[in-house]
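Each remark here refers to the structure printed beneath this line.
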Amino acid sequence: MSKELTTRAEDYSQWYNDLVLKSGLADHSSVRGCMVIKPYGFALWENMRDQLDKMFKETGHVNAYFPLFVPKSLFEAEEKNAEGFAKECAIVTHYRLKADPNNKGKLMVDPDAKLEEELIIRPTSEAIIWNTYKGWIQSYRDLPILINQWANVVRWEMRTRLFLRTAEFLWQEGHTAHATKQEAVEETERMLDVYADFVEEYMAVPVIKGIKTPNERFAGAEETYCIEAMMQDGKALQAGTSHFLGQNFAKAFDVKFSDKNNTLDYVWATSWGVSTRLIGALIMAHSDDQGLIMPPKIAPIQVVIVPVYKGEESKAVIDEKAQGIINELKALGIRVKYDNNDNSRPGWKFAEYELKGVPVRIALGLRDIENNVVELARRDTKEKKSQSMDGLAAYVNQLLADIQQQMYDKAVAFQTEHTTACDSWDEFVKLLDEKGGFVSAHWDGTAETEEKIKEQTKATIRCIPLNNVQESGSCILTGKPSTQRVLFARAY
RNA sequence: CGGGAUGUAGCGUAGCCCGGUUAUCGCGCCUGGUUUGGGACCAGGAGGUCGCAAGUUCGAAUCUUGCCAUCCCGACCA
């Protein structure tokens, strides 16, 4: 069959690509590096987005929207930020096309329509937002500003992968302004917690909260906090970041406020974001060689009902019985799909919904109706059993909760199993090559050492875990004294 | 952006080295029928700018050049 996947053992990257395409999450587009998110993939994103949006609002944030274009002069105002993104910016230089006199029916860029000032297509929005905040903030009474925006951004990547790294991607970016450093730091940490809670509770992917080394820090930030997740191939994936921006942007855009004593000071800032990359994390953390495995809480379809019938007559009986089950499930808020499409047969549907990762499948035939049961199959364990129709909805509701929990537990076990403490260089290299995962090792704290380790092993410091145990040791590479272990891994 | 590979119907492919009627096969698709508890079967049918553009040639899927896209490996990165 054309729908068969490359297995993970054969070729992990190919498996991932096959899975994204064949499960109907996304397609390649005719634009280099850009993908089409298909309805099934977008439904997943909507569920993630809606939950995150709710959590942002519960923590006092409101949504707004800022322009896609950033004038170059604004973009370059915060130098480090601009420098960090300069290499991957798309730039608008003209505003008009015209008929090409030398090429009938074709268009050309009108050389007379060159912009006075180039517009950068936002790779992130700090510049345009802080330029705007300048006009909004005069007094401590104007603070804090707690704004989030759902948007697309463009980063002109050399090498792209569906969901993990595309030239254009969807994300949310929170941009907050505060009167004090402490408040801004608290905000940064609060949003990191929101991300960690979301990814663990809704996506069933355990994460390590930590801070980035200066090397890996967001351009223009004082401190970058992150959540790091572990994929099934032992590679790490940065799932979200939250930045304490200090007064860097306030200084760059001259955003000052008067405090209660009428003293002027620069405003303190944070920014934080997660993107459609999370979908890549979801896929690589849970799925298997048969297809996706969706955590129930964000699965576009939580339960699919497949009728098994012979002829129109039995179909009518089953349709009616199924409708009763659907009503009960919907009453509990369960997202259910009844696939009574006559064009494909049950076996085909079973395989198809396994590929799409639907957590629970109910098969319903005359035989079941006679016995007052349904065939219930769960995607994560492939377990199949006969279940009484009495109290079915409540049972399924609990089953979905169990699946969610077990998927998380399984991922936690994997992460624990693939986190190894290590004190010798030879073992360090061997671990990265043979076992993968996080390697917890001492580091002398210098960028030079970090760089050398990266050159020799391709592993980077994923983060310095929050609340890290302080212990004296010696650097894995240089043997110099160290006060704590950091997490190394090869990463996406 | 550097090195390598690939591109033939919606998908997977044969043909290409060695140019020559109407481009092969399977899946999928359409019509009719029989079916339906793990990717059904029979019969008939439709579907192709051979990635795109130039060139060589009487003639190009096949040879040459350029471009585009995808994958793998590097550099870069959420």
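Convention: sequence-line order gives letters A, B, ...; per-chain numbering from 1.
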**Item:** Paired and unpaired positions of RNA chain B as dot-bracket, Watson-Crick or G-U wobble under 3.5 Å, | denoting a partner strand
**Value:** ((((((((.[[[..)....(....]]].((((((.....)))))).....[[[[[..)....]]]]])))))))....

**Prompt:** Base, sugar-phosphate, or nothing for A/Thr241, non-hydrogen atoms under 4.0 angstrom?
**Reply:** nothing

**Prompt:** Excluding sequence neighbours, so at least two apart, what forms ring-ring contact (aromatic ring centres under 6.0 Å, His included) with A/Phe66?
**Reply:** none

**Message:** If the threshold is 4.0 Å, N to carboxylate O, is there a salt bridge linking A/Asp368 and A/Lys321?
**Reply:** no

**Request:** Using atom types as modelled and distance alone, determine if a side-chain donor or acceptor of A/Asn248 lies under 3.5 Å from a backbone N or O of A/Gly220.
**Result:** yes

**Prompt:** Taking atom C1' of B/U34 as reference, at what distance in whole Å does atom NZ of A/Lys310 sit?
**Reply:** 14 Å

**Request:** For B/G26 versus B/U21, give the span between their C1' atoms, rounded off to a whole number of Å.
**Result:** 26 Å

**Request:** For A/Trp348 and B/C41, give me the distance from atom CH2 to atom P, rounded to whole Å.
**Result:** 15 Å

**Message:** Nearest whole Å is fine: how far is B/G28 P from A/Lys22 NZ?
**Reply:** 14 Å

**Prompt:** Separation of A/Asp27 atom CG from B/U70 atom P, in whole Å?
**Reply:** 12 Å

**Request:** Kindly write out the residues that satisfy side chain to side chain contact (heavy atoms under 4.5 Å, CB included) with A/Val429, not counting sequence neighbours, or none if the list is empty.
**Result:** A/Trp425, A/Asp433, A/Thr457

**Asked** Touch check for A/Tyr492, heavy atoms < 4.0 angstrom, all strands: base, sugar-phosphate only, or nothing?
**Response** nothing

**Message:** Is it the case that the side chain of A/Asn81 and the backbone of A/Ala219 share a donor-acceptor pair, with hydrogens and angles ignored and the cut-off at 3.5 Å?
**Reply:** yes

**Sidechain N-carboxylate O distance under 4.0 Å for A/Asp233, A/Lys235** = no

**Asked** Taking 4.0 angstrom as the limit, do A/Glu451 and A/Lys454 come out as a salt bridge?
**Response** no

**Fill in**
When rounded to whole Å, the CG to C1' distance for the pair A/Asn215 and B/C76 reads 14 Å

**Closest to the A/Pro346 side chain, choosing from B/G38, B/U36, B/U70** = B/U36

**Under 3.5 Å: donor-acceptor pair, side chain of A/Glu200, backbone of A/Val207** = yes

**Item:** Option among A/Leu282, A/Leu355, A/Ile283 that satisfies the side chain to side chain contact (heavy atoms under 4.5 Å, CB included) test with A/Leu292
**Value:** A/Ile283

**Item:** Any donor-acceptor N/O pair, A/Lys212 side chain to A/Arg462 backbone, under 3.5 Å
**Value:** yes

**Item:** Separation of the C1' atoms in B/G19 and B/C30, to the nearest angstrom
**Value:** 36 Å

With a 3.5 Å cut-off and sequence neighbours excluded, list the donor-acceptor pairs that the side chains of residues 32-50 of chain A form with protein atoms.
unit_1	atom_1	unit_2	atom_2	d
A/Tyr40	OH	A/Lys356	O	2.6
A/Asn47	ND2	A/Ile298	O	3.0

**Prompt:** Can you check whether A/Asp339's main-chain N or O pairs, donor with acceptor, with A/Lys349's side chain at less than 3.5 Å?
**Reply:** yes

**Request:** May I ask you to say what A/Ser386 touches in the nucleic acid, namely base, sugar-phosphate or nothing, with a heavy-atom cut-off under 4.0 Å?
**Result:** nothing

**Item:** Distance between C1' atoms of B/C11 and B/G7 (Å, rounded)
**Value:** 14 Å

**Request:** Rounded to whole angstrom, note down the C1' distance from B/U62 over to B/G4.
**Result:** 23 Å

What does the list of N/O pairs under 3.5 Å between the protein and nucleotides 72-75 of chain B look like, with a distance for each?
unit_1	atom_1	unit_2	atom_2	d
B/C73	OP2	A/Arg159	NH2	2.7
B/G74	OP1	A/Lys458	NZ	2.5

**Request:** Would you classify A/Leu164 as touching base, sugar-phosphate or nothing, given that sugar-phosphate means primed atoms plus P, OP1 and OP2, and contacts are heavy atoms under 4.0 Å?
**Result:** base

**Request:** For B/U31 versus B/G47, give the span between their P atoms, rounded off to a whole number of Å.
**Result:** 15 Å

**Prompt:** When you compare B/U13 with B/G59, how far apart are their P atoms, in angstrom units rounded to a whole number?
**Reply:** 33 Å

**Message:** What contact category does A/Glu354 fall into here, base, sugar-phosphate, or nothing, at under 4.0 angstrom with non-hydrogen atoms?
**Reply:** base

**A/Glu352 side chain, from C-beta outward: closest of B/U36, B/G39, B/G38** = B/G39

**Message:** Let's see if you get this right: which residues in residues 373-384 of chain A place a heavy atom under 4.0 Å from RNA chain B?
**Reply:** A/Glu375, A/Lys384

**Request:** To the nearest Å, give me how far apart CD (A/Glu313) and P (B/U36) are.
**Result:** 14 Å

**Prompt:** Which residue lies toward the 5' end of RNA chain B, A/Arg155 or A/Tyr309, if each is placed at its nearest nucleotide?
**Reply:** A/Tyr309

**Item:** Rounded distance in Å between the P positions of B/G37 and B/G20
**Value:** 48 Å

**Prompt:** Regarding A/Arg361 and the six-membered ring of A/Phe350, is the cationic atom NZ or CZ under 6.0 Å from the ring centre and inside 45° of its axis?
**Reply:** yes

**Asked** Are the aromatic ring centres of A/Phe249 and A/Tyr133 under 6.0 angstrom apart?
**Response** no

**Prompt:** Is A/Leu278 touching bases, backbone alone, or none of the nucleic acid, heavy atoms closer than 4.0 Å?
**Reply:** nothing

**Message:** Could you tell me how far apart A/Arg367 (CZ) and B/U36 (P) are, to the nearest whole angstrom?
**Reply:** 12 Å

**Prompt:** On a whole-Å scale, what distance lies between the P atoms belonging to B/C29 and B/C52?
**Reply:** 26 Å

**Item:** Earlier contact from the 5' end, RNA chain B, for A/Arg32 and A/Asn343
**Value:** A/Asn343

**Message:** Once you apply a heavy-atom cut-off of 4.0 Å, does A/Gln238 come out as touching a base, just sugar-phosphate, or nothing?
**Reply:** sugar-phosphate

**Item:** Atom-pair distance (CG on A/Asn341; C1' on B/U36), nearest Å
**Value:** 13 Å

**Message:** The side chain of A/Arg345 is closest to which nucleotide in this list: B/C71, B/C76, B/U36?
**Reply:** B/U36

**Asked** Base, sugar-phosphate, or nothing: which does A/Gly33 touch, judged by heavy atoms less than 4.0 Å apart?
**Response** sugar-phosphate

